There are 2 protein chains.
Amino acid sequence: MTTTGKRGPYRGTAARRREIVDAAAEVFGESGYRAGSLKDIAGRVGIDASSLLHHFGSKHVLLEAVLADKVSRDAQALHWDEEIEPAEFPAALIRLAERNAANPGVIGLYTVLLAESTTVDHPSADFFRDRHATTRRDFLRGFDAMAEAGLLAEDVTPQEAALSTLAIWDGAQTQWLLDPGAIEVVAVLRGHFRRITRVEV
Amino acid sequence: MTTTGKRGPYRGTAARRREIVDAAAEVFGESGYRAGSLKDIAGRVGIDASSLLHHFGSKHVLLEAVLADKVSRDAQALHWDEEIEPAEFPAALIRLAERNAANPGVIGLYTVLLAESTTVDHPSADFFRDRHATTRRDFLRGFDAMAEAGLLAEDVTPQEAALSTLAIWDGAQTQWLLDPGAIEVVAVLRGHFRRITRVEV
DNA sequence: GTCTATACTGAGATAGAC
DNA sequence: GTCTATCTCAGTATAGAC
């Protein structure tokens with residue numbers, strides 16, 4: 001009698017965990033991990049904080065569930081496993097950026113936790129360090145393929161392309177969070193690809 | 001009998017305030033504003049938290065003192081008031097980045113608080129929004145002058161140059177904080193200027 | 001100007017009834 | 001599974017002695 005529906009007494013534990021993870025992603029994105037409270041998260045689900053802790057033993061465990069969930073969703077959206085044509089690589093990244101722009105909450109979660117993770121003794125420091133290393137590798141692979149196909153601009157190395165793309169993307173998202181009217185993340189990214197590649201995006 | 005020396009009973013209140021502001025900048029840079037405690041700051045100065053509050057009425061007031069101090073130091077270093085030659089503009093920004101690289105604490109303070117300020121009800125949200133708007137204007141002025149002198153790369157607008165420079169700079173600093181071995185902020189910035197301008201940096 | 005003592009608040013987490 | 005009650009801890013801030 002699991003997951004018979006979205007509401008009601010027979011909703012099941014799995015569905016409740018889903019609700020909690022979603023609410024936690026919201027709250028951590030808005031307030032960060034340390035400032036985001038279990039009370040706030042529980043309140044959005046409509047339960048007490050102690051009930052929340054019945055499902056996730058501690059705040060830390062909940063954070064890890066939120067991050068794991070984000071990873072699996074991203075992987076699902078990107079299909080890194082499938083081979084991407086070198087010429088299509090920038091366009092694939094633009095699509096991801098557009099998808100994020102449509103879900104502002106995701107940007108907050110990622111950008112706020114990323115920066116917070118650079119502070120001392122932060123529980124997700126390792127996660128973001130690993131994740132950024134992985135992303136750098138993925139980007140490097142993509143731009144390497146582009147270089148071989150002669151699709152990078154003159155004097156731009158794959159390494160340079162990977163690092164600068166990651167930096168400008170994160171930076172643009174932070175600025176957008178700070179002042180949504182001041183910048184368009186997708187436009188900045190498009191301009192960047194126009195400068196570092198030879199393909200249209 | 002103010003500021004007769006750095007230590008001793010006649011050190012004076014002004015010097016004590018300086019020590020506190022410096023320690024606070026350190027702590028806020030390492031831990032962020034919300035997670036950084038007055039106890040920690042006071043401890044680094046060698047006094048009790050209640051003594052700290054004798055000098056600065058509240059944590060919020062202390063934060064504002066730290067930010068004001070940073071602004072005045074930056075202004076001093078940049079000399080925006082003096083006219084900068086269009087061709088020298090990128091080099092001036094590189095110098096600032098190099099100066100930051102030599103004082104890692106400054107990067108943490110700025111980058112961590114910037115990201116934290118995007119969270120709800122953060123006391124320095126207005127400060128960073130205003131400051132980013134000002135910086136965008138300053139950058140725009142610099143790149144406008146470069147455009148008039150024909151020093152921007154083809155198809156790069158001053159607006160685009162200003163936004164992308166700000167984004168890539170912030171993003172590179174965040175990545176550096178996360179994993180200092182993975183990226184060199186100055187090199188990324190140099191590469192960016194090589195792509196968007198026609199001057200050597 | 002600095003300390004000790006204390007008030008107050010809100011956090012995360014646990015125990016146990018239902 | 002959820003609640004109430006409670007514990008423990010750390011934080012900011014205040015009062016008052018020295």
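Note that the structure is predicted; figures quoted are calculated from it, not measured. Letters go in sequence order (proteins before strands), and every chain restarts at 1. Just so you know, these numbers use all the heavy atoms, side chains as well, and skip hydrogens, waters and symmetry mates.
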Requested in this report: Find the distance B:R34:CZ to C:dG10:P and express it as a whole number of Å.
Outcome: 15 Å

Query raised in the report: What's the CG-C1' distance between A:D48 and C:dC18, to the nearest Å?
Result: 15 Å

**Report entry** Spatial distance of atom NE2 (A:H192) from atom CH2 (A:W169) [nearest 0.5 Å]
**Finding:** 11.0 Å

Query raised in the report: Between B:R16 and C:dT2, does any side-chain N or O lie under 4.0 Å from OP1 or OP2?
Result: yes

Requested in this report: Round to the nearest Å and state the distance from A:I47 atom CD1 to C:dG12 atom P.
Outcome: 14 Å

Report summary line: When rounded to whole Å, the NE2 to C1' distance for the pair A:H55 and D:dT2 reads 8 Å

Requested in this report: Compute the ring centroids of A:F128 and A:H122, then answer whether they are less than 6.0 Å apart.
Outcome: no

Requested in this report: Return the value, rounded to whole Å, for the distance between atom CZ of B:R17 and atom P of C:dT2.
Outcome: 12 Å

Query raised in the report: How many Å lie between NZ on B:K39 and P on C:dT4, as a whole number?
Result: 12 Å

Query raised in the report: Taking for each residue the nucleotide of DNA chain C with the nearest heavy atom, is it A:S50 or A:A35 whose nucleotide lies nearer the 5' end?
Result: A:A35

Query raised in the report: Counting only side-chain N and O atoms of A:H54, is one of them less than 4.0 Å from OP1 or OP2 of C:dA13?
Result: no

Requested in this report: Over 60° means perpendicular and under 30° means parallel, so classify the ring planes of A:Y110 and A:H132, tilted if in between.
Outcome: parallel

Requested in this report: Pick base, sugar-phosphate or nothing for B:L53, based on heavy-atom distances below 4.0 Å to the nucleic acid.
Outcome: base

Query raised in the report: In terms of ring plane angle, is the pair B:F143 and B:F89 parallel, tilted or perpendicular, where the classes change at 30° and 60°?
Result: perpendicular

**Report entry** Whole-Å distance separating the CG atom of B:L63 from the C1' atom of D:dT12
**Finding:** 15 Å

Query raised in the report: In whole angstrom, what separates B:I41's CD1 from D:dA13's P?
Result: 11 Å

Query raised in the report: Counting any heavy atom closer than 4.0 Å, what does B:S51 reach on the DNA or RNA strands: base, sugar-phosphate only, or nothing?
Result: base

